[in-house]
Amino acid sequence: MAEGGQERRSVGCGTPGRIQACLLEGVMDVLVINCGSSSVKADVLNEETGHRIRKLRVQRVGTPGCSAQLDGIEEALGDVDCATALTLMLPRLVEGLTVAAVGHRVVHGGARFSAPARIDAEVEAAIEALCAIAPLHNPANLAGIRAARTLLPELTHVAVFDTAFHATLPRRARTYALPAELAEKHGIRRYGFHGPSHSYVASRAAAHLEADLRDLRIITCHLGNGCSVAAVEEGRSVETSMGMTPLEGLVMGTRVGDIDPGVLLELSRREGLSIDDLDDLLNRKSGLAGLSGVGNDMRDIEERAAAGDERCRLAIHAFAHRLRKYIGAYAAVMGGVDAVVFTGGIGQNSALIRHRAVQRLEFLGARLDEDRNRDAAVSTDSPVAEISARRSRVALLVVCTDEEHAIARGAARLVRDQDRVQRERTIPIAISARHIHLTRAAIATLFGEGHELTVYKEISQPGQYAAVEKVDIIGPRRTIKGVRVLGPPRPKCQVEVSRTDEFTLGIDAPVRDSGDVANSPGITLQGPAGRLTLKEGVICARRHIHMTPDDAGFFGVKDRDVVEVAVDSEGRNLVFGDVLIRVSKKYALEMHIDTDEANAAEIRVGMTGSLEGTDRSVRLVRRKVRFDR
């Protein structure tokens, strides 16, 4: 018997031998299931190409009119729930196919899940615990997971979370200005949604531009019945418009988006609206539907606006204004933008909305080609259309999103164990205090013409050293005296500080890979022979691990991979996510964190740790697979 007393029934879906053969051949078909409160979508597709082999759609779940459509053939199911619908239809969907994995869309992963996860009893329980903050979505997602695991017990089931891509939001972006104790007690923070879509189209855009996603600043606009914008800097989500729930942000089909909370208090007092009434108003009766009075379909609204309907015209103006405001704000957050991407039903199909969204963005270098915009058409076979003018510094792109393909890829990577790492080796941890790298010209300005840095002591990385020389860092607020220079000289000046130093100096430094100082704040340096003002160069260095190619081969990672590292420091367990791997013959194996991070983990100089596998020190939990192709 299965959990809950139900009889466990399995469906033939490829023997272990056939599945293993698929893995060895590199060919994998994945079943992707998306269970909603009133509908079920399930596709069997090729994880590499996204080609659909079979499709299942179930509508009006939980009503007498519930029906299923399998490869275009419709039949009535009667009044059934999600689990029963899957039990009836899933065997037919996968019949005769070799499915290697099952990917499940799960809307809310909370703070725990920052990547796709193999589903077991513990993960199921964690998803169930999150139903309290996602009552409209997670219960249905969980019902689909349990039904599919009962029917297909021999397959690996993977949860792909809408929120996981946004786990890299910095604290300043994910925090609401509520009393800290109250927010922590109830898990109130910004999580973001549409993660698979934002991640997918950002990767598509980078491929179209023939660039590494980790070198780009992209604003992705997912515009459908639900709408959200994300700022994707170097492959990481650093801002997004949806918050703790999918209600925040843009004007949407039936959701209000951003609103003054005081309006809700007034409506409650004047109209006598209950909490449930407000929920219904904000989620189901507002947005485009509420503004236009004719529903939430942008095609109908555009048609009526063209015929002179003032409410529909206002709906379009409000929608585009809010979107343009977010695009401008996110360009400011990232210090510029390389590409703006439009996707989703509206983003892919409405030339009018794209036109209005990029109006007045010429100051960013974004220029629209009106002919290209009108003619843009994308599909799974032709997924990207460029609509920017040739003189535009910012690429404007329309990209066909495919969330099911993104989920299939995430599941396939875990089935191939692409996230797993070698766990049996220690890595020393070095605490990187504030320091400065200087060019030869800067050394001459600060210490005198012809001056050469003097070695104070060798540091752990081969060929590098702490110099005797020190300088003062002069910020808008205060000065930090006696900051050590590291040698040898570099091609660019770089000042590395901690978050605490930021506040001392009175600046806002971005978290960057070492050497990436473009659009970072400047600072003034005072040396014994002169003063130098840098236009840019101050960063908080991203936590990272240096290793040689042999080390990388041993651990199963490569240069610019991203991993999670768990540190056990005297009984206080702490996980550092988003740790960058840097591989070079010039490096020695070592993890670098700043003084704030070391204090948080209670790490002292000289500690060592292990990459996964033991109950102490440092362990590499997994490598992130979002940059894999």
Side-chain angles (χ1 to χ4, degrees), residues 6 9-14 19 22 28-63 65-78 80-107 116-119 124 127 136-162 194 196-197 200 224 380 401-412 414-415:
Q6 293 182 338
R9 176 189 176 195
S10 83
V11 174
C13 194
I19 294 171
C22 287
M28 190 180 298
D29 294 334
V30 177
L31 168 62
V32 174
I33 297 174
N34 180 1
C35 266
S37 57
S38 61
S39 65
V40 177
K41 291 174 63 177
D43 291 347
V44 178
L45 65 156
N46 182 283
E47 58 92 13
E48 183 176 344
T49 66
H51 171 69
R52 267 54 172 188
I53 299 163
R54 284 187 191 151
K55 296 181 180 180
L56 170 67
R57 300 292 183 268
V58 182
Q59 304 293 337
R60 302 183 186 90
V61 171
T63 72
C66 179
S67 64
Q69 190 176 81
L70 179 58
D71 284 343
I73 301 173
E74 189 167 345
E75 64 181 89
L77 296 183
V80 298
D81 60 14
C82 172
T84 304
L86 282 175
T87 301
L88 292 171
M89 299 304 299
L90 207 55
R92 293 161 56 186
L93 177 66
V94 300
E95 185 178 4
L97 302 178
T98 300
V99 175
V102 185
H104 296 267
R105 182 186 184 190
V106 180
V107 169
R118 296 171 183 82
I119 298 174
E124 271 195 26
I127 294 171
L136 298 178
H137 300 99
N138 275 34
N141 301 155
L142 187 59
I145 287 170
R146 286 172 170 163
R149 289 188 73 204
T150 298
L151 292 163
L152 303 171
E154 74 280 8
L155 297 182
T156 298
H157 291 251
V158 176
V160 179
F161 301 91
D162 265 34
H194 292 142
S197 178
Y200 183 86
T380 52
T401 192
D402 191 341
E403 291 174 284
E404 289 76 20
H405 191 191
I407 292 168
R409 283 178 169 179
L414 264 62
V415 170

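Here, residue 1 is the first one in the sequence, and each next residue gets the next number. Quick caveat: nothing in here was measured; it's all calculated off a predicted structure. We use all heavy atoms of the structure for the numbers below, so side chains are in, but hydrogens, waters and symmetry mates are not.
Between the Asp402 side chain and the Thr380 main chain, no donor and acceptor come within less than 3.5 Å of each other. A donor-acceptor contact shorter than 3.5 Å links the side chain of Arg118 to the backbone of Leu414. Side chain of His405 to main chain of Glu47: a donor-acceptor pair is present (N/O by atom type, distance under 3.5 Å, no hydrogens or angles). A donor-acceptor pair under 3.5 Å is formed between the side chain of Asp71 and the backbone N or O of Lys55. Remark: the backbone N or O of Leu152 is paired with a side-chain donor or acceptor of His157 at under 3.5 angstrom.
The side-chain heavy atoms of Ile145 and Val106, taken from C-beta on, include a pair separated by under 4.5 Å. Side-chain contact between Asp162 and Arg105 is present, with at least one heavy-atom pair separated by less than 4.5 Å.
Smallest separation of non-hydrogen atoms from Met28 and Ala100: CG-CB, 3.3 Å. Looking at every heavy atom in both residues, Thr401 comes nearest to Ser197 through OG1-OG, 2.8 Å. The minimum heavy-atom distance linking Cys35 with Leu86 is given by the pair SG-CD1, 3.8 Å. Across all non-hydrogen atoms, the minimal contact from Asp29 to Val44 is CB-CG1, 4.3 Å. Scanning all heavy atoms of the two residues, the minimum distance from Phe161 to Ala117 falls at CE1-CB, 4.2 Å. The two atoms that bring Cys82 and Ala140 nearest to each other are SG-O, 4.3 Å, heavy atoms only.
Note that the NE2 atom of His137 and the CD1 atom of Ile127 stand 14.5 Å from one another [nearest 0.5 Å]. Separating the CD atom in Glu95 from the CG atom in Leu93 is a distance of 10.5 Å, to the nearest 0.5 Å. Interatomic distance, CD1 of Ile119 versus CG of Leu155, reported as 11.5 Å (0.5 Å rounding). Note that CG of Leu31 is 5.5 Å distant from CG of Leu90, once rounded to the nearest 0.5 Å. To the nearest 0.5 Å, atoms OG1 (Thr87) and CG (Leu151) are separated by 5.0 Å.
Not counting sequence neighbours, the partners of Glu75 by the salt bridge (Lys or Arg N to Asp or Glu O under 4.0 Å) test are Arg92. Remark: Ala85 engages Val58, Leu77, Val80 in a side-chain contact (heavy atoms from CB on, under 4.5 Å) (not counting sequence neighbours). For Arg54, there are no salt bridge (Lys or Arg N to Asp or Glu O under 4.0 Å) partners at least two apart in sequence or on another chain. Residues passing the salt bridge (Lys or Arg N to Asp or Glu O under 4.0 Å) test with Asp43 are Arg52, Arg57, sequence neighbours excluded. For Arg60, there are no salt bridge (Lys or Arg N to Asp or Glu O under 4.0 Å) partners two or more places apart in sequence or in a different chain.
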Task: Derivation of the side chain to side chain contact (heavy atoms under 4.5 Å, CB included) call for Glu124 and Leu142 - done: CA-CA 7 Å; Glu124 271 195 26; Leu142 187 59; 4.2 Å; yes

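Legend: side-chain hydrogen bond (donor to acceptor under 3.5 Å, both in side chains) pairs involving residues 32-42, not counting sequence neighbours, sorted by first then second residue: Lys41-Glu404.
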